[in-house]
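The structure displayed is predicted, hence computed values, not measured ones. Residue numbers begin at 1 in each chain, while the letters A, B, ... track the order of the sequences.
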Amino acid sequence: MTTVVWFRQDLRIRDNPALAAAHARGKVAPIFILDDVTPGPRRRWGGASRWWLHHSLVSLRHDLGHLALFKGAPSDVLPAFIEKVGATAVFWNRCYEPYAIARDQALKASLQAGGIEVQTFNGSLLHEPWEVATASGAPYKVYTPYWRASLAKPVAAPLPAIKPQVDASVPPGDRLDDWQLLPTRPNWAAGWQQRWQPGEAGALEALDAFARDGLADYSQQRDRPDLKGTSRLSPHLHWGEISPRQIWARLGLETESPSNRKGAEKFLSELGWREFCHHLLYHFPTLPERNWRRAFDAFPWRQADGDLKAWQQGMTGYPLVDAGMRELWQTGWMHNRVRMVAASFLVKHLRIDWRRGEAWFWDTLVDADLANNAAGWQWVAGSGADASPYFRIFNPVTQGKKFDPDGDYVRRWCPELARLPDEHIHAPFDAPPETLAAAGVELGRTYPRPIVDHARARKAALDGYEKVRSAGD
DNA sequence: TTTTGAGTTGTTCGA
DNA sequence: GTCGAACAACTCAAA
């Protein structure tokens, strides 16, 4: 008996429920479908995600021994593939993007109507979004009670690795290179393979390194963009090269020292945010498109295309923001602390609609994830569930001094400022002229002047939120 | 149904 | 330099 396993965001052979169940039935016909056609917001993977996907598929194909690649609408591709390999069943692990849920439900119904057995599994979350609910059965809208309720539920143990018996008659489908997932002209991802190792082996190595070395100081170091204090597991998690269950199981063992235990709990609570974001997206499917708090529809966003461009290019004149945006552009990733500062700057200092920032992150982040991205941006904007209060406006200079105290992070990504002394590295616009000259910095020429004044921008943002407040009634 | 306590990540101002 | 209070009300979750 051959079972088709449709791989999506579960590009691994360990703890893969759909693959394990199919293997238990007999031969397996694995397939990945590049779906650029199903309609929906952010249905098409961004540029950085496509780079990651390419390499992750190479890795998965190697681990499986065979992987069929097809491009197009799953509603066309999958039934044809099932027929071609003579399968009687298809298994997959669930996705949670609203368009994917609609697509998969329709496909499941039509396959079942055609006599094909369909089974779906949880391969991406500790708990399904509908499994965690308040006493009255409603979805949670606040993180802390959500996570408390999640912690009270048992987490399934991870499944062992599967080396499936692949059906020899499985057609290979497309050549991966023909999908052109990798950038050319220019190849902006040159050098990314020194920084990232997409695929299951890389994910396991990253978890191993983090569990070994990262937990003891995680609670403090996670906020320091100048240090390597975070796990960098986010892109691996997004593509399902590793599952939250595996992380849960691994970190649950790291309890020999109190500091490790504290770090593990903190990290798992970050995993909890990922779960909460998926919970929100599932229960509020317009999250990527509409203000979760509708009163924010009254916020007076600016068009300001030039300011948007300066932000995207890391040319705002605020070193921490610029360092973050350049790190993003050059590596496909940005430190979480800096994401908050840079996002807050776009939304509150520049008063540009969070959706335009969300779109930029979607295209440039290797860990771009609809649930996390949409919920994160709405959190920063103040329009989201359990969001940052409107009056919380990050000061990029204060944040820089606090979390990049020696300026190492700014110097790495804004080398034109590298020779400034520590006390001026986060606010070159306040440095004495002779200090700037000695460091070879000429504002407006070698590094931009601030595109907005912090105090004025802060006041304007608060005025904008006043409109939201009055629209709330 | 009503009430009560609580709520990721900050900044600024004044003592 | 450090510290606490104000920011401003509102919504949520649970008793």
Side-chain angles (χ1 to χ4, degrees), chain A residues 132-152 218-225 227 229-231 234 262-263 265-277 279-280 283-284 291-296 298-299 318 320-321 324 334-349 354 371-372 375-405 423 426-427 452-473:
Chain A
V132 184
T134 66
S136 64
Y140 280 98
K141 299 170 176 179
V142 176
Y143 169 73
T144 303
Y146 167 83
W147 187 232
R148 252 201 300 271
S150 287
L151 287 174
Y218 178 71
S219 299
Q220 276 76 47
Q221 299 217 352
R222 65 183 294 275
D223 269 325
R224 292 282 300 272
L227 307 174
T230 63
S231 73
S234 53
K262 182 162 166 273
E265 271 173 22
K266 183 70 185 164
F267 183 75
L268 291 175
S269 82
E270 298 302 321
L271 212 51
W273 271 93
R274 176 178 178 275
E275 299 268 319
F276 184 52
C277 293
H279 178 83
L280 290 174
H283 291 288
F284 306 99
N291 289 310
W292 190 79
R293 291 183 193 281
R294 292 295 153 83
F296 274 71
F299 193 91
Y318 286 91
L320 185 63
V321 173
M334 194 195 313
H335 188 280
N336 173 254
R337 166 63 48 182
V338 191
R339 289 188 201 197
M340 289 192 288
V341 176
S344 173
F345 189 85
L346 183 79
V347 169
K348 300 191 177 178
H349 287 76
W354 61 265
N372 297 339
W377 275 95
Q378 293 228 44
W379 183 87
V380 169
S383 61
D386 204 14
S388 167
Y390 77 88
F391 55 83
R392 183 174 295 155
I393 296 169
F394 286 81
N395 181 329
V397 177
T398 310
Q399 288 280 309
K401 288 176 177 164
K402 196 164 167 190
F403 296 111
D404 180 28
E423 61 267 35
H426 290 294
V452 289
D453 171 70
H454 170 71
R456 262 206 298 277
R458 176 184 155 79
K459 171 133 191 359
L462 291 173
D463 289 348
Y465 283 109
E466 196 55 44
K467 291 202 168 50
V468 170
R469 225 159 62 74
S470 52
D473 318 318

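- Between A/Y140 and A/Y146, the ring planes are perpendicular. Angles over 60° get that label, and only those under 30° would be called parallel.
- Rounded to an integer number of Å, the gap from A/F391 CZ to C/dA5 C1' is 12 Å.
- Residue A/Y143 is in sugar-phosphate contact alone, with no base atom involved, counting any heavy-atom pair closer than 4.0 Å across all strands shown.
- Rounded to the nearest Å, the gap between the C1' atom of B/dT12 and that of C/dA8 is 15 Å.
- Here A/Q399 reaches the OP1 or OP2 of B/dT11: one of its side-chain N or O atoms lies under 4.0 Å away.
- Comparing atom distances between the A/T398 side chain and each of B/dT12, B/dG10, C/dA13 picks out B/dT12 as nearest.
- The side chain of A/P145 lies closest to C/dA13 when the candidates are C/dC12, C/dA13, B/dG10.
- In this structure, A/Y465 has its ring center closer than 6.0 angstrom to the ring center of A/F299.
- The NE2-C1' distance, from A/H454 to B/dC13, rounds to 13 Å in whole Å.
- Across the protein-nucleic acid pair, A/D463 atom CG and C/dC7 atom P stand 16 Å apart, rounded to whole Å.
- When both distances must be under 3.5 Å, the Watson-Crick or G-U wobble mate of B/dT11 is C/dA6.
- In this structure C/dA15 sits in a base pair with B/dT2, meeting the Watson-Crick or G-U test at under 3.5 Å.
- Between A/R222 and A/E270, at least one side-chain nitrogen of the basic residue sits less than 4.0 Å from a carboxylate oxygen of the acidic one, meeting the salt-bridge criterion.
- Rounded to a whole Å, the CG atom of A/N395 is 12 Å from the P atom of B/dG10.
- Contact annotation for A/E466: no contact, since no heavy-atom pair falls under 4.0 Å across all strands.
- Taking the six-membered ring for Trp and the full ring otherwise, the centers of A/F276 and A/W147 sit at least 6.0 Å from each other.
- Between the NZ atom of A/K401 and the C1' atom of B/dT12 there is a distance of 14 Å, rounded to whole Å.
- Taking atom CG of residue A/N372 and atom P of nucleotide B/dT9, one finds them 18 Å apart after rounding to whole Å.
- No contact: A/R148 has no heavy atom under 4.0 Å from any strand.
- Side-chain proximity of A/Y140 to B/dT9, B/dG7, C/dA14: nearest is C/dA14.
- Residue A/F394 has its side chain nearest to B/dT11 when only C/dA13, C/dA8, B/dT11 are considered.
- The nearest whole Å value for the distance from the CZ atom in A/R458 to the C1' atom in C/dC7 is 8 Å.
- For A/N291 and A/W354, the side-chain atoms include at least one donor-acceptor pair closer than 3.5 Å.
- Protein atom NE2 of A/H279 is 12 Å distant from nucleotide atom P of C/dC12, rounded to whole Å.
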